[in-house]
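What follows is one structure encoded as C-alpha cells, with my remarks underneath.
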Amino acid sequence: MKRTELSHVTHTARQYINGRWQTGVTTGSSENPSDTSEVVAEYARADRSQTEAAIRAAADAFPHWRRTTPQRRADVLDQIGSEILARKDQLGLLLAREEGKTLPEAIAEAARAGHIFKFFAGEALRVGGESMDSVRPDVLVDVTREPVGVVGLIAPWNFPLAIPAWKIAPALAYGNTVVFKPSELVPACGWALAEIIARATLPAGTFNLVMGSGREVGQTIVESPLVDALSFTGSVATGERVLQAASARRAKVQLEMGGKNPLVVLADADLDRAVDCAVQGAYFSAGQRCTASSRLIVEASVHDAFVVRLRHRLAALHIGHALERGVDIGPVVNGEQLAQNLEWMTIARDEGAEHVYGGEALQRATTGHFMSPALFLAKPQHRVAREEIFGPIACVLQADDYEHALHLANDTPFGLCAGICTTSLKYAMHFRRHAEVGMTMVNLPTAGIDFHVPFGGRKGSSYGPREQGRYAAEFYTSIKTGYMMA
Ligand code: NAD
C-alpha cells in the first residue's frame with residue numbers, strides 16, 4: 001500500500017453515548033509503536049458518571065431493540081459487515097499504526113471483523129428453539145432463547161478490531177444492547193468500529209462506546225446493576241477481578257484470558273512444516289496473541305535439528321515498522337511491554353534456561369518498540385516455560401517420546417490451544433482427544449483461527465460459554481422453558 005496522508009493523520013476519537021458523539025471528561029492519546037513521535041489518536045476519556053450514562057442509555061434502549069425483527073437486526077449487521085469489508089485497507093492501516101501488527105496482518109484482521117458481522121447477520125435469522133411433548137398429557141413444552149439484556153463488553157489491545165467484533169456482533173444479533181469499552185492502547189480502532197456501527201442507524205442507546213481506564217470505566221461497567229452480562233477478554237489478573245465483582249452480583253460472565261500454548265513436534269513430523277508452525281505461531285504479531293505457541297515441545301531425536309532450523313529461520317525474519325513492505329514482525333505494543341519482555345530475557349537466563357537466539361531491543365530508522373524474536377532451551381519448571389509472556393519469546397522443551405510430550409503439553413495452568421506436528425494419524429487423533437484445551441491444531445500453528453466456529457479454552461484460560469460461531473448464543477441469550485395446556 002502506498003503511504004498517504006492517512007499514514008500520519010491524528011484522529012480525534014469521541015465516545016458514542018445514547019446515539020450522540022460526545023467528548024470526554026479528559027483527553028488521552030495513543031501513539032504509534034513503530035514510530036513513537038506519531039500520535040495516532042486523541043481520544044475522549046470517560047469518567048464514572050459518563051459511563052453510567054452509557055449504561056442507562058443501553059438499559060433504556062433494550063425493551064425496544066429486543067422487540068426488533070430478526071430481519072432488521074440481520075440488515076443492520078450485514079450493513080456494518082459490508083462497510084468494514086469495503087474499508088478493510090483503511091481500517092487495517094489504522095490498526096497497524098495503533099497496535100503495531102504488520103499491514104497485511106492488520107488488513108486481514110479488519111476483513112475478519114467484517115466477516116464476523118456478516119456471519120452474525122445470518123445468525124440473527126436462525127435463533128431457534130425446541131418444542132416437545134410434555135410428560136403430562138395434553139401439555140406442550142417449548143424451549144426458546146431470549147436476549148440477556150444490557151451487555152458490557154471489555155476488550156484487550158491485541159486484536160482491536162476482531163475481538164470487539166466477535167463480542168458486539170452476537171450481542172446485537174440476539175437482541176441485546178451494548179456498552180463497549182476498548183483498551184486504552186487502541187481507542188482509535190474502537191472508535192472507527194463505532195463510527196461504522198453508528199452509521200447503521202441503530203436506535204439511540206442500542207450501542208454505546210466508552211473509552212478510558214479499566215479501573216474507572218471498566219470497573220463501573222462490571223459493577224453496574226444495570227449490566228446483565230459481561231464479556232471480558234484480557235489478562236488473568238483482570239479477569240479474576242471481573243469474575244469476583246460480577247459473580248458477587250450474579251451477573252452472567254464470560255472470560256477469555258491468557259495462554260501458554262504448546263506446540264508438540266514429534267520425530268515423524270515434516271520438520272520444515274513444524275518450523276513454519278513454530279515461527280508463525282510463536283512469533284508473528286510479536287507473540288502478542290493469547291494463542292501464541294510459547295512452548296515448543298520437541299521429541300528428543302529431532303530436537304537439535306529442529307532448534308538449528310528454527311534459529312536459522314528466526315535470523316532471517318525482518319523486524320521493523322509495521323507499514324514497511326517485507327517486514328515480518330512489527331514492534332511490540334508499547335514501552336512497558338518491551339521492558340517486560342527484556343526483563344523476561346533476564347529471568348530466563350538467571351533461572352538457567354539456555355539462550356539460543358535474539359531477545360534484544362532493536363534500533364530502526366524510527367523510534368519504535370522493536371525487539372528480535374527470542375528462543376530458549378528450557379526445563380518444564382522454568383518460569384519462562386510456565387508463565388504467559390505475551391511477547392516474541394518462546395522456549396523449547398525436550399520430550400522423551402509422545403507420552404512425555406503430551407504430559408508436558410498438559411502440565412500448565414492454562415488450556416487455550418494445543419498443537420501437534422506429526423504424520424502419525426494415531427498420535428494426531430490421541431492428541432486431539434487428550435490435550436486439555438479448548439482448541440487443537442494438527443500440523444497447523446496454534447494461532448490463526450476461523451471466525452465461524454467456537455473460540456475459547458479450559459482451565460485458567462477461559463470461564464463461561466464459548467465465543468464465536470453459533471455457540472455464542474449460549475452467552476448472549478437466556479433460555480426460557482414454556483408449558484402450555486393444549
Ligand atoms: P488487561 O487485562 O490489562 O486489559 C483488558 C481490558 O480490561 C482493557 O480494556 C482494560 O482497560 C480493562 N480493565 C483493566 N482493569 C479493569 C478492571 N479493574 N475492571 C474492568 N476492566 C478492566 O489485558 P490487556 O493487556 O489489554 O491484554 C493482554 C491480555 O489479554 C493477555 O494476557 C492475553 O493473553 C489476553 N488475551 C486473551 C485472549 C483470549 O481470548 N483468551 C485474547 C486476546 C488477549
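Just so you know, these numbers come straight off a predicted model, no measurement behind them. Counting convention: from 1, in listed order, for ligands and their atoms alike.
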- Decide if the gap between the ring center of Phe390 and the ring center of Trp344 is smaller than 6.0 angstrom. no
- Ile163 and ligand 1 - part of the residue with a heavy-atom distance under 4.0 Å: side chain
- Message: Yes or no: does Ala245 have any heavy atom under 4.0 Å from an atom of ligand 1?
- Response: no
- Query: Should Phe159 be listed as contacting ligand 1, given a heavy-atom distance under 4.0 Å as the test?
  - Reply: no
- With heavy atoms of Gly234 as the reference, note each atom of ligand 1 found under 4.0 Å away. 2 (O), 5 (C), 23 (O), 29 (C), 30 (O), 32 (O), 35 (C), 36 (N), 37 (C)
- Salt bridge present between Glu109 and Arg112 (N-O < 4.0 angstrom): no
- Query: Can you tell me which residue and heavy atom of the protein come closest to atom 21 (N) of ligand 1, and the distance to 0.1 Å?
  - Reply: Gly218 CA, 3.6 Å
- Message: If you count every heavy atom of other residues, nucleotides or ligands that lies below 6.0 Å from Arg145 atom CZ, does the total exceed 12?
- Response: yes
- Nearest heavy atoms of Thr10 and Glu42, plus distance in Å: CG2-N, 4.1 Å
- Counting distance only, does the side-chain N/O of His434 pair as donor-acceptor with the main-chain N or O of Phe431 below 3.5 Å? no
- Item | Cationic N near anionic O, under 4.0 Å, Glu351 to Arg383 | no
- Message: Can you report which non-hydrogen protein atom sits closest to atom 38 (C) of ligand 1, along with the distance?
- Response: Cys290 SG, 2.9 Å
- Message: Students should be able to answer this: which protein heavy-atom is nearest to atom 25 (O) of ligand 1, and at what distance?
- Response: Trp157 NE1, 2.9 Å
- List the closest protein heavy-atom neighbour of atom 12 (C) of ligand 1: residue, atom name, distance to the nearest 0.1 Å. Ile154 CG2, 3.7 Å
- Item | Of the listed options Val222, Val217, Thr238, Val186, closest to atom 22 (C) of ligand 1 (non-hydrogen atoms) | Thr238
- Taking both backbone and side-chain atoms of Ser213, is any N or O found less than 3.5 Å from an N or O belonging to ligand 1? no
- Query: Among all protein non-hydrogen atoms, which one is nearest to atom 41 (N) of ligand 1, and what is the separation to 0.1 Å?
  - Reply: Met257 O, 2.5 Å
- Check whether any side-chain N or O of Arg73 sits under 3.5 Å from a backbone N or O of Ala173 as a donor-acceptor pair, and report yes or no. yes
- Query: Does Glu184, backbone or side chain, put an N or O under 3.5 Å from an N or O of ligand 1?
  - Reply: yes
- Is Ala237 touching ligand 1 with its side chain, its backbone, both, or neither, if touching means heavy atoms under 4.0 Å apart? neither
- Message: So if I count the atoms of ligand 1 from 1 in the order they appear, which ones are less than 4.0 Å from some heavy atom of Gln219?
- Response: 18 (N), 19 (N), 20 (C)
- Query: To the nearest 0.1 Å, how far is atom 9 (O) of ligand 1 from its closest protein heavy atom, and which atom is that?
  - Reply: Ala155 O, 2.7 Å
- Query: Ignoring hydrogens and geometry, is there a side-chain-to-backbone donor-acceptor pair from Thr446 to Ser293 under 3.5 Å?
  - Reply: yes
- Message: Students often mix this up, so state it plainly: with edges at 30° and 60°, are the rings of Tyr174 and Phe120 parallel, tilted or perpendicular?
- Response: perpendicular
- Verify the neighbour count for atom CZ of Phe62: are there more than 12 heavy atoms of other residues, nucleotides or ligands below 6.0 Å? yes
- Task: Say whether, by atom type as modelled, one donor and one acceptor occur between the side chain of Ser34 and the main chain of His321 under 3.5 angstrom.
- Result: no
- For the pair Asp78 and Lys118, find out whether any cationic side-chain nitrogen is under 4.0 Å from an anionic carboxylate oxygen. yes
- May I ask you to decide if the ring planes of Phe119 and Phe451 are parallel, tilted or perpendicular, using 30° and 60° as cut-offs? perpendicular
- Message: Check whether Glu436 reaches the backbone of Lys459 with its side chain - one donor and one acceptor, N or O, closer than 3.5 Å.
- Response: no
- Query: So does Arg199 pair up with Glu83, basic N to acidic O under 4.0 Å?
  - Reply: yes
- Logged contact type for Ser462 with ligand 1, heavy-atom cut-off 4.0 Å, is neither
- Query: So is Leu416 polar-close to ligand 1, meaning N/O to N/O under 3.5 Å?
  - Reply: no
- Using a strict 4.0 Å cut-off to heavy atoms of Pro182, name the atoms of ligand 1 that fall inside it. 9 (O)
- Message: When you measure from the side chain of Asp47 to the backbone of Gln50, do you find a donor-acceptor pair of N or O atoms at a distance under 3.5 Å?
- Response: yes
- Taking atom types as modelled, is there a side-chain donor on Gln280 or Asp276 under 3.5 Å from an acceptor on the other? no
- Message: Determine whether any protein heavy atom is located less than 4.0 Å from atom 19 (N) of ligand 1.
- Response: yes
- Message: Give me the nearest non-hydrogen protein atom to atom 27 (O) of ligand 1 as residue plus atom name, then the distance to 0.1 Å.
- Response: Pro156 CB, 3.3 Å
- Hey, is Arg241 touching ligand 1 through its side chain, its backbone, both or neither, going by heavy atoms under 4.0 Å? side chain
- Going by distance only, is there an N or O of Ser461 that falls short of 3.5 Å from an N or O of ligand 1? no
- Just which atoms of ligand 1 are under 4.0 Å from any heavy atom in Phe232? 2 (O), 5 (C), 6 (C), 7 (O)
- Query: Starting from atom 32 (O) of ligand 1, which protein heavy atom do you reach first, and at what distance in Å?
  - Reply: Glu388 OE1, 2.7 Å
- Looking at Ser183, which atoms of ligand 1 are within less than 4.0 Å of one of its heavy atoms? 9 (O)
- Could you say whether the N/O atoms of Val242 and ligand 1 ever approach to under 3.5 Å? no
- Going by the atom numbers of ligand 1, which of them fall below 4.0 Å from some non-hydrogen atom of Asn158? 43 (C), 44 (C)
- Item | Sub-4.0 Å atoms of ligand 1 with respect to non-hydrogen atoms of Phe455 | 39 (C), 40 (O)
- Message: Counting only heavy atoms closer than 4.0 Å, does ligand 1 sit against the backbone of Thr233, its side chain, both, or neither?
- Response: both
